[in-house]
Amino acid sequence: MGPELVVDDLRVRFRTRSETVDAVDGASFTVGPGEVVGLVGESGSGKSVTARSIVRLESPGEIVDGSIKFDGRELTSADDRTLRRLRGRELAMVFQDPSTTLNPVYTVGEQIAEAIRIRENPGRQPFLAELAAGVSSRLRTRRRRSEVLELMETVGIPQADERIDAYPHQFSGGMCQRVALAMALARRPSLLIADEPTTALDTTTQAAILERLARLNAERGMEILLISHDLGVVSELCDRVVVMYDGTVVECGPAESVRSDPEHPYTKALLACLPHQSEPGSRLPTAEWPPADDRPSRSDESPLQGTVLETDRTAVDGGTTATGDRGWTRGVGETGGSGSDRGVDGSIVELEDVAAAFRQSDALVDRVLGRDERVPAVDGVSLELRAGETVGLVGESGCGKSTLVRLIAGLEGATTGEIRLRGERIGDADSRTDDQLADIGVVFQNPTTSLNPKRTVGKTIAEPLFEAGWDESRRKDRIEEVLSLVDLPVEYATRYPRQLSGGQCQRVAIARALALELSVVLLDEPTAALDVSTQARILNLLADLQADLDLAYLFVSHDLAVVRHIADRVAVMYLGQFVEVGPTNRVLSAPTHPYTQTLLDAIPGNEAEECRQWDREALAGEPPSPTSPPDGCAFHPRCPVASEDCTRVEPPLEAVDGGRTRCLYAGEWRSDDSQRSAGDADATETQFITNSERTEPGVARTGRDGR
Ligand code: SF4
């Protein structure tokens, strides 16, 4: 029997110069021995503050009342020494952003070894020992090498022996999160608190981390408190779910029953916000509980402000997708789409065989010595973006999605191929005309870091207008127009980003992109950092703006449920190439490329039939390095249905089933695979390579028959 965590009537308060905020207001729940409990709710619901309070990292907040007991010991009154021992040996926490968790100047091996040292000596660290820590860290790593390697293997870091001396910047986001997990496990905790551990990761990496957590729980009986705004993730992993709203627990129960038969109206509203619960393209419900008028006014900066605004708009729209004009039209002669200057097939942006490669090193010495090795990031991509259309761009981290966005935005130049805007060839930003620059806008993933904290909302929106030579009175009018377009009150023009919620910041980022009356918006993971309810509001807003302004969207996302909801067409990228392009409905319900299928398999909590072709382990390992791609099909080292031919023949992107697919067995592997799993392998002509027969990427392999 493991220890039990009991949180009882916990109250945590934050004081600012102007007000006091009760971030946690009487929360009570338990995590029993061996249990996995999910803590869910919108941003600002108090879930992260609750989690941090358990390990007593609530500062600058303060626990003003209530009790937190772990294994019978009261933590709210524990002294520093007791807390250090608990954090060193019994409690561990994994945070959302692995890039800020890890120290960039130490190798990952040194950092895991340091966590082992803390477990062995969790007492106070003398000042001199603190100073010597850096000097002796390599020594410690060497001494504890075998244990560090074992931990790296436990969390699924491949080739641990080669990577133990790597620095965090040499790891992908998913691998950094595994290192953070290894550091937490080094303490052999009884309770692991994971605060949004997969929010910043792509679907397949997320699935791998969740799988790993589930295994650790099953094998070691380690209790897990999983904090997440993603109900799919929580229902996938947890035994019980605790739903928080406005600092209090509103529902608690077994994960399956909370998911399938929620009792509280807020839980129902939260579940309804999930894009896969609604018809693709329909207006998403938002968490409208309690009614806007009854909502507590905790702060003027409350994220709930967005809900009030959305409610207002819903009332105007009658709850349906807005299709009418919202009082703004493009000025005569101003930049903006008109039917006459679109491409022949209505496309505004066309990419033809576009490729981009980046230097591995910019060092002068490398250039002088002629060492000019380049890493291909995008490799022969062709695509059209049409007015009023949304193209979803999906794939794992590092597959080239963001580079493609930067190429279209002009932030990078293409190495080969052609990008055309309204039929005219365009290069990087320096070579574009003002109109061409104004015609394409970008919205980035993290709304809080993409805005200048020292600029007011008004100044942020005015910046591109100023650059384009608009005078002050036109700028002022335009700021008011775009704020109303994104459903923000005009008074928000004087606010700073810190005074806004995440959803409001993202509205400001969209308003800035719209300031110059553009035709194309590149949305790079615009909802990845938002909770489901805020995400629903932003998706509704984007649909409204597109209907009103006939905008073309390129929507980059690792969330296939979001892409299914918003995109007309979808392009799946792998190692810089498109492997499948086609109508969203068809691609995400009957994919013709095995990689698309493995992405669908990885969606947490989605039990739809098309999402369960193979198990999670089907997509083993990471994508191969773009500097040494494998021979034949680039996906063959990870493909669940690869054949001997796949190791030699590079498949072209060919027309299949209303789209294009890059697979030798496009449209055939699905039936082949099902026959194979039904024990009818002989009926197929294809010789498949099984997982156990795989070797490392780029290494020649043989089929079952040994050829
Ligand atoms: S060509 Fe072969 S390895 Fe590549 S995706 Fe198709 S079946 Fe898999």
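Order of appearance sets the numbers: ligands from 1, and atoms from 1 within every ligand. Note that this is a predicted model, so its numbers are computed, not measured.
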So, [X] side chain and [Y] main chain: donor-acceptor pair closer than 3.5 Å or not?
X: E350; Y: L421; value: no
X: E650; Y: C633; value: no
X: T415; Y: A357; value: yes

Does any N, O or S atom of C646, backbone or side chain, fall under 2.8 Å from atom 6 (Fe) of ligand 1?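 False for C646.
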If the threshold is 4.0 Å, N to carboxylate O, is there a salt bridge linking R145 and E150?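 So R145 does not pair with E150 through a salt bridge.
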R386/D568 salt bridge by N-O under 4.0 Å criterion: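 No, this pair does not count.
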Looking only at the aromatic ring of each residue, does the gap between the centers of F635 and H593 stay below 6.0 angstrom?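 Under 6.0 Å, so yes.
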Can you tell which part of P594 has a heavy atom less than 4.0 Å from ligand 1: side chain, backbone, both or neither?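 The answer is the side chain.
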Do any N/O/S atoms of C639 come under 2.8 Å of atom 4 (Fe) of ligand 1?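 For C639, the answer is no, given that no N, O or S atom comes within less than 2.8 Å of atom 4 (Fe) of ligand 1.
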Compute the minimum heavy-atom distance from S643 to ligand 1 and say whether it is under 4.0 Å.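 S643 does not count as a contact of ligand 1 under the 4.0 Å cut-off.
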From I164 CD1 over to I157 CD1, what is the distance, rounded to the nearest 0.5 angstrom?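 Nearest 0.5 Å value for the CD1-CD1 distance: 9.5 Å.
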Give the atom numbers and elements of ligand 1 that come within less than 4.0 Å of a heavy atom of [X].
X: Y665; result: 7 (S)
X: H636; result: 3 (S)
X: L664; result: 1 (S), 6 (Fe)
X: H593; result: 5 (S)
X: C663; result: 1 (S), 5 (S), 6 (Fe), 7 (S)

